[in-house]
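Nothing fancy with the numbering, it's 1 onward along the sequence.
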Amino acid sequence: MNPPQISIVGAGIGGLAAALALQQRGLSVRVFEQARALAPVGAGVHISPNGMHVLSELGISTDTLNAFRPGATVIREYQTSEPLFETPLGNTIEQAFGSPFLDLHRADLHQALMTQVQANDPDTVVLNKMLVSITEKSDEVTLRFTDKSQSTAQVVIGADGVHSVVRASLFDSLAAEYTGHVAYRGLIATDSLPDGLIDPVLNIWAGPGKHVVAYYLRNGELLNYVAAVEEPDWTTESWTTRADVAQLADYFVDWHTSVKTLIASTPAEACYKWALLVRPPMQNWSTGRTTLLGDAAHPMVPYMAQGAVMAIEDAWVLSHYLATESDIAIALANYGSARQGRTAAVQRAAWEQGQKTHAQTQHQSDSVASGGHFAKTQWLYGYNVCTEYPLIDPD
Ligand SMILES: Cc1cc2nc3c(=O)[nH]c(=O)nc-3n(C[C@H](O)[C@H](O)[C@H](O)COP(=O)(O)OP(=O)(O)OC[C@H]3O[C@@H](n4cnc5c(N)ncnc54)[C@H](O)[C@@H]3O)c2cc1C
């Protein structure tokens with residue numbers, strides 16, 4: 001069979017992971033990205049074992065990721081900082097699930113994927129190509145860009161994020177829904193914080209209607225935090241919208257000193273805000289020649305830290321079907337069937353997790369034993385797409 005020409009819209013984590021997985025299977029791919037340059041985005045991302053299985057199979061070495069390996073997740077009372085629940089990570093989670101749980105700078109992950117993709121084919125990623133429309137015929141798909149250029153392919157993958165043009169053109173044109181939650185994000189040089197202020201774990205301070213997550217990046221050189229608050233009327237979703245540190249501090253005046261010190265230590269240019277948007281799970285996200293991946297297909301709130309991980313899992317499964325099934329429509333339908341149930345379950349679980357965390361009170365009495373916690377996350381972290389859909393050597 002002749003390999004199909006495959007175009008991906010969007011060079012985010014999902015689009016690049018898909019490009020790399022397709023290249024690994026001997027398929028040729030082009031990625032069209034709207035940005036003029038791939039500038040580093042200053043934020044952290046957790047990659048849980050189910051995502052790390054895939055990155056490892058894609059040849060991304062953890063050494064290139066400058067990762068921080070948190071020792072545990074510790075949920076803390078918001079005013080006293082006393083631990084309410086503690087779940088081991090570090091070696092314990094790696095032994096339980098066969099891959100580590102890592103905290104990464106998003107730019108390091110993005111760069112590692114980009115380097116591998118470009119090493120396979122330096123012309124893979126085409127920048128400054130903003131898709132405006134897509135037309136599918138029985139034998140090909142045409143992409144049109146804002147610069148009036150166009151490109152055709154046999155298969156198109158919409159990895160263009162929560163405001164996906166591919167999704168709007170072929171599936172539903174409804175705007176993503178604002179949850180009423182905003183994530184403020186800050187990045188601080190560790191040496192500018194008081195010694196020992198933040199434990200080397202994944203810290204979560206949980207209080208009524210708000211929570212703060214703080215963890216180290218780049219082998220401990222940086223401290224990243226996300227503060228989730230409820231704001232009724234903010235709807236801009238962007239990695240580059242600056243936030244007002246003083247406004248953020250106002251939300252947390254009665255919180256523990258650790259949280260207040262973190263916010264007060266945030267340089268004005270390193271504080272951003274991001275409206276959290278969702279869409280209900282889709283019943284079907286493929287046509288005969290076009291499909292979706294990552295946030296374009298299943299945007300979710302970040303409270304399970306799984307949006308990028310699900311995009312990485314999608315990339316693996318989609319590339320498996322495109323490499324092993326010659327009928328493109330069947331390959332895309334099989335990919336959708338394989339992914340829709342799992343990603344919908346994660347979308348729901350992430351929202352429920354946010355509700356639980358924001359309802360946390362000082363006198364919370366639940367306790368979660370470490371073994372019990374892993375049992376609860378077995379469905380999520382214990383699933384390995386690489387063994388479910390093993391790589392078949394293209395030769
Ligand atoms: C505060 C916060 C914390 C998070 N933490 C985690 C975490 O710890 N772990 C985790 O797994 N996930 C996390 N996520 C979720 C994660 O960031 C997303 O799920 C992930 O980035 C989705 O990747 P993607 O490639 O599908 O989309 P995106 O990252 O949005 O990439 C889409 C790409 O498409 C491009 N594009 C868009 N439109 C066009 C167009 N018309 N033409 C051409 N190109 C286009 C964009 O420029 C972009 O490069 C978090 C999210 C937030 C908001």
Side-chain angles (χ1 to χ4, degrees), residues 1-23 25 27-34 117 124-126 129-146 149-176 279-299 307 310-344 389:
M1 85 187 183
N2 285 330
Q5 294 165 273
I6 303 169
S7 290
I8 298 174
V9 184
I13 291 168
L16 290 180
L20 192 49
L22 290 163
Q23 289 174 333
R25 288 162 178 78
L27 299 171
S28 142
V29 60
R30 283 285 165 279
V31 183
F32 296 102
E33 165 59 43
Q34 66 182 2
V117 165
T124 305
V125 180
V126 188
K129 288 284 174 192
M130 181 189 275
L131 183 79
V132 279
S133 72
I134 175 167
T135 317
E136 182 171 320
K137 294 197 197 135
S138 60
D139 58 343
E140 65 178 22
V141 187
T142 303
L143 301 172
R144 290 186 185 75
F145 302 99
T146 44
S149 64
Q150 59 182 58
S151 173
T152 56
Q154 262 104 54
V155 182
V156 168
I157 301 167
D160 48 346
V162 67
H163 300 298
S164 171
V165 171
V166 178
R167 178 170 177 155
S169 303
L170 294 180
F171 299 96
D172 67 54
S173 54
L174 295 175
R279 296 172 186 272
M282 289 178 96
Q283 301 302 318
N284 168 42
W285 65 54
S286 302
T287 61
R289 292 187 174 275
T290 307
T291 193
L292 303 175
L293 175 150
D295 279 7
H298 43 67
M310 286 300 117
I312 291 167
E313 284 190 3
D314 287 348
W316 184 267
V317 178
L318 175 57
S319 62
H320 169 86
Y321 281 115
L322 284 172
T324 56
E325 169 57 61
S326 58
D327 184 315
I328 292 167
I330 293 176
L332 300 186
N334 286 346
Y335 154 67
S337 306
R339 297 297 299 156
Q340 276 146 12
R342 177 164 169 83
T343 53
Y389 304 93

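Distance check, rounded to the nearest 0.5 Å: CD1 of Ile6 to CD of Gln154 gives 9.0 Å. For the atom pair CG (Asp295) and OG1 (Thr343), the distance works out to 11.0 Å, reported to the nearest 0.5 Å. Distance check: Asn334 CG to Leu318 CG gives 11.0 Å after rounding to the nearest 0.5 Å. One distance of note links OG of Ser169 with CG of Leu131; it measures 6.5 Å at 0.5 Å rounding. One finds the NZ atom of Lys137 at 9.5 Å from the OG1 atom of Thr152 (value rounded to the nearest 0.5 Å). If you take OG on Ser133 and CD on Gln150, they are separated by 8.5 Å, rounding to the nearest 0.5 Å.
Judged by distance alone, the side chains of Arg144 and Thr135 do bring a donor and an acceptor atom under 3.5 Å apart. Side-chain polar atoms of Asp314 and His298 form a donor-acceptor pair below 3.5 angstrom. Between the side chains of Ser319 and Arg25, a donor-acceptor pair is found at a separation under 3.5 Å. A donor and an acceptor atom, one from each side chain of Glu136 and Thr142, are nowhere located under 3.5 Å apart.
Between the Arg167 side chain and the Ala296 main chain, a donor and an acceptor come within less than 3.5 Å of each other. The main-chain N or O of Val125 is never found under 3.5 Å from a side-chain atom of Arg30 such that the two would form a donor-acceptor pair. A donor-acceptor pair is defined here as one N or O able to donate and one able to accept, closer than 3.5 Å; such a pair exists between the side chain of Tyr335 and the backbone of Leu292. Although no hydrogens or angles enter the test, the distance criterion places no donor-acceptor pair under 3.5 Å between the side chain of Ser151 and the main chain of Leu143.
Every ring-ring contact (aromatic ring centres under 6.0 Å, His included) that Tyr321 has, sequence neighbours left out, goes to Tyr389.
At least one side-chain heavy atom of Glu313 sits under 4.5 Å from a side-chain heavy atom of Arg342. Within the 4.5 Å cutoff, no side-chain heavy atoms of Gln34 are placed close to those of Phe145. Proximity of Val141 to Ile134: side-chain heavy atoms (C-beta onward) are separated by under 4.5 Å at one or more points. No side-chain heavy atom of Val126 sits less than 4.5 Å from a side-chain heavy atom of Val31. Under the 4.5 Å side-chain criterion, counting only non-hydrogen atoms from C-beta, Thr287 is in contact with Phe171.
Under 4.0 Å is where a charged nitrogen must lie from a carboxylate oxygen, and between Glu33 and Lys129 no such pair does. Salt bridge annotation for Asp172-Arg279: present, with a cationic side-chain nitrogen under 4.0 angstrom from a carboxylate oxygen.
For the side-chain contact (heavy atoms from CB on, under 4.5 Å) with Ile8, the qualifying choice from Thr124, Val166, Leu22, Val155 is Leu22, the only one to do so.
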Item to check | CA sep, side-chain torsions, deciding dist, call: Ile157, Val9, side chain to side chain contact (heavy atoms under 4.5 Å, CB included) | outcome: CA-CA 6 Å; Ile157 301 167; Val9 184; over 6 Å; no

Next on the checklist: The test is side chain to side chain contact (heavy atoms under 4.5 Å, CB included); show your working for Met310 and Arg339 and say whether it passes.
Outcome noted: CA-CA 9 Å; Met310 286 300 117; Arg339 297 297 299 156; 3.5 Å; yes

Checklist entry - Taking it one step at a time, do Phe32 and Asp160 satisfy side chain to side chain contact (heavy atoms under 4.5 Å, CB included)? => result CA-CA 9 Å; Phe32 296 102; Asp160 48 346; over 6 Å; no

Item to check | Derivation of the side chain to side chain contact (heavy atoms under 4.5 Å, CB included) call for Leu322 and Leu332 | outcome: CA-CA 7 Å; Leu322 284 172; Leu332 300 186; 4.0 Å; yes

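Across all non-hydrogen atoms, the minimal contact from Ala153 to Ser7 is CB-OG, 3.4 Å. The two atoms that bring Ala315 and Ala21 nearest to each other are O-CB, 3.9 Å, heavy atoms only. For the pair Val162 and Pro299, the tightest heavy-atom approach, listed with the atom from each and the gap, is CG2-CB, 3.6 Å. The minimum heavy-atom distance between Ile328 and Gly288, with the atom names listed, is CG2-O, 3.5 Å.
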